[in-house]
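Report on the structure given below.
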Amino acid sequence: MKEDGNLAKKNDAFDLEQTLECGQCFRWEKQQDGSYTGVASGRILNISEQNRGHVLDDPFWKQYFDLPLDYEEIRENLAADDPTLARAAKFAPGMRILNQEPWEALCSFIFSQNNNIPRIKGIVSRFCVGFGEKIGSGYYAFPKAEKIAGLCEQDLAPVRSGFRAKYILSAARKVAQGEVDLEALKTAPLPEARESLMTIHGVGQKVADCTLLYGLHRLEAFPMDVWMKRAMRTLFPGREPESFGEYAGIAQQYIFHYSRNHPELFVTEKESAAVGM
DNA sequence: GTCCAGGTTTTTA
DNA sequence: TAAAAACATGGA
């Protein structure tokens with residue numbers, strides 16, 4: 001285990017809990033011993049504070065956890081930009097944006113709409129168990145778009161995804177037919193990529209932006225859900241997402257996670273709304 | 001029983 | 001255009 005100062009510094013900016021429980025992914029489970037077990041691109045991994053040095057020797061996982069990117073520097077630049085953003089970033093300095101499979105991110109955030117995180121996890125899990133390839137005892141790969149494209153709404157009933165099932169089918173068919181070319185969207189101009197995703201029935205701007213940020217690693221994408229809208233109104237009045245720069249998506253993740261864990265920041269706004277002010 | 005959840009589509013005025 | 005309502009499901 002030889003680590004030069006540079007690598008050691010970068011590892012400081014990687015915290016498992018902050019990364020895997022900040023709302024960007026739905027397939028990692030914390031074990032009793034504090035480690036995390038999950039599946040990505042058909043690979044099973046158990047990662048802990050103890051074995052992560054070894055895990056990150058593997059090129060795939062190094063990329064998955066976005067180790068090549070210097071989050072320390074990005075965080076410092078964002079912090080210099082705005083004191084509130086500095087506070088949000090400091091709350092989870094070890095958070096990193098994962099390199100998830102594009103198709104998985106697309107489906108996950110279709111399932112996420114008007115839904116809560118525990119239930120999203122359950123739906124994703126049933127989706128994988130029901131339609132994914134078995135890759136180990138109790139572990140399944142994320143189902144292929146080609147397989148899902150051949151199903152009907154009734155087939156998806158056991159997933160219990162409600163009205164979102166037909167959206168998944170629309171996504172699967174467009175992806176399987178190449179009508180939406182996810183790989184190409186990694187380099188397409190952002191507005192163009194977003195528009196392409198929004199041709200899928202059930203994908204609006206927010207789900208498209210989540211797919212871009214979490215699945216296609218478009219770090220300038222800035223998903224605006226109810227939390228982010230509230231956070232922008234309250235904490236960053238007058239600021240546009242684009243003003244956060246090329247790593248706006250990372251700023252978004254700091255703000256989202258910070259806001260969800262500090263609901264007290266928004267109680268006055270809630271009360272004002274209730275009174276009708 | 002009612003409300004809400006990392007939205008989007010459909011309906012209505 | 002813009003604002004409601006509907007959409008499935010399940011936990012609080």
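Letters go in sequence order (proteins before strands), and every chain restarts at 1. If you're wondering where the values come from, they're calculated on a predicted model, not measured in any experiment.
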Protein-nucleotides 9-12 of chain B N/O pairs closer than 3.5 Å?
residue	atom	partner	partner atom	Å
B:dT9	OP1	A:Gly202	N	3.0

Between the protein and nucleotides 9-12 of chain C, which nitrogen or oxygen pairs are less than 3.5 angstrom apart?
residue	atom	partner	partner atom	Å
C:dT9	O2	A:Arg119	NE	3.1
C:dT9	O2	A:Arg119	NH2	3.4

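Regarding A:Leu106, its CG atom lies at a distance of 15 Å from the C1' atom of B:dG6, rounded to whole Å. Residue A:Lys229 contributes atom NZ, which lies 13 Å from atom P of B:dA5 at whole-angstrom precision. Computed from coordinates, the A:Phe109 CZ to B:dA5 P distance equals 17 Å when rounded to whole Å. Atom CG in A:Asp225 sits about 11 Å away from atom P in B:dA5, given to the nearest Å. Rounded to an integer number of Å, the gap from A:Asp209 CG to B:dT8 C1' is 14 Å. When rounded to the nearest whole Å, the span between CD1 of A:Ile117 and P of B:dC4 equals 18 Å. Rounding to whole angstrom units, CZ of residue A:Phe163 and P of B:dT8 are separated by 10 Å.
The side-chain heavy atoms of A:Phe127 and A:Phe111, taken from C-beta on, include a pair separated by under 4.5 Å. Side-chain contact between A:Met228 and A:Lys206 is absent, with no heavy-atom pair separated by less than 4.5 Å.
Ring orientation note: the planes of A:Trp61 and A:Tyr64 are nearly perpendicular, at an angle over 60° on the 30°/60° scale. Using a 30° and 60° split on the angle between ring planes, A:Phe65 and A:Trp28 fall in the tilted class, from 30° to 60°. Using the six-membered ring where Trp is involved, A:Phe163 and A:Tyr167 have ring planes that are perpendicular, over 60° apart on the 30 and 60° scheme.
B:dT8 and C:dG10 have their P atoms separated by 22 Å, given to the nearest Å. Using P as the reference atom, C:dA4 and B:dG6 are 23 Å apart when rounded to the nearest Å.
Salt bridge A:Arg260/A:Asp225: absent, no basic N to carboxylate O contact under 4.0 Å.
Nucleic acid contact for A:Ile110: none, since no nucleic acid atom lies under 4.0 Å from a heavy atom of the residue. Residue A:Met228 is classed as a base contact, given a heavy-atom separation below 4.0 Å to a base. At the heavy-atom level, A:Pro118 lies nowhere under 4.0 Å from the strands shown. Contact annotation for A:Glu153: no contact, since no heavy-atom pair falls under 4.0 Å across all strands. Residue contacts shown for A:Tyr214 include a base, since a base heavy atom lies under 4.0 Å away.
For DNA chain B, if you chain together Watson-Crick or G-U pairs that step i with j, i+1 with j-1 and so on, the runs of at least three with distances under 3.5 Å are B:2-5 with C:9-12, B:7-13 with C:1-7.
Grouping the Ile, Leu, Val, Met, Phe, Trp and Tyr side chains by contacts below 4.5 angstrom, directly or via other members, places A:Val159 apart from A:Val39.
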Enumerate, atom names and distances included, each donor-acceptor pair closer than 3.5 Å involving a side-chain atom of residues 142-152 of chain A, sequence neighbours excluded.
none

Show which side-chain atoms of residues 245-255 of chain A pair as donor or acceptor with protein atoms under 3.5 Å away, not counting sequence neighbours.
residue	atom	partner	partner atom	Å
A:Gln252	NE2	A:Tyr214	OH	3.4
A:Gln252	NE2	A:Gly249	O	3.3
A:Gln253	OE1	A:Tyr214	OH	2.4
A:Gln253	NE2	A:Cys22	O	2.9

Would you list the atom pairs, donor with acceptor, under 3.5 Å between side chains in residues 177-185 of chain A and any protein atom, with sequence neighbours excluded?
residue	atom	partner	partner atom	Å
A:Glu179	OE2	A:Lys174	NZ	3.2
A:Asp181	OD1	A:Glu183	N	3.3
A:Asp181	OD1	A:Ala184	N	3.2
A:Glu183	OE1	A:Lys186	NZ	3.1

* Asked: Where do A:Met224 and A:Gln205 land on the side chain to side chain contact (heavy atoms under 4.5 Å, CB included) test, with the steps shown first?
  -> CA-CA 8 Å; A:Met224 283 279 255; A:Gln205 185 165 319; over 6 Å; no
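The cationic atom of A:Arg87 (NZ for Lys, CZ for Arg) does not lie both less than 6.0 Å from the six-membered ring centre of A:Tyr258 and within 45° of the ring axis.
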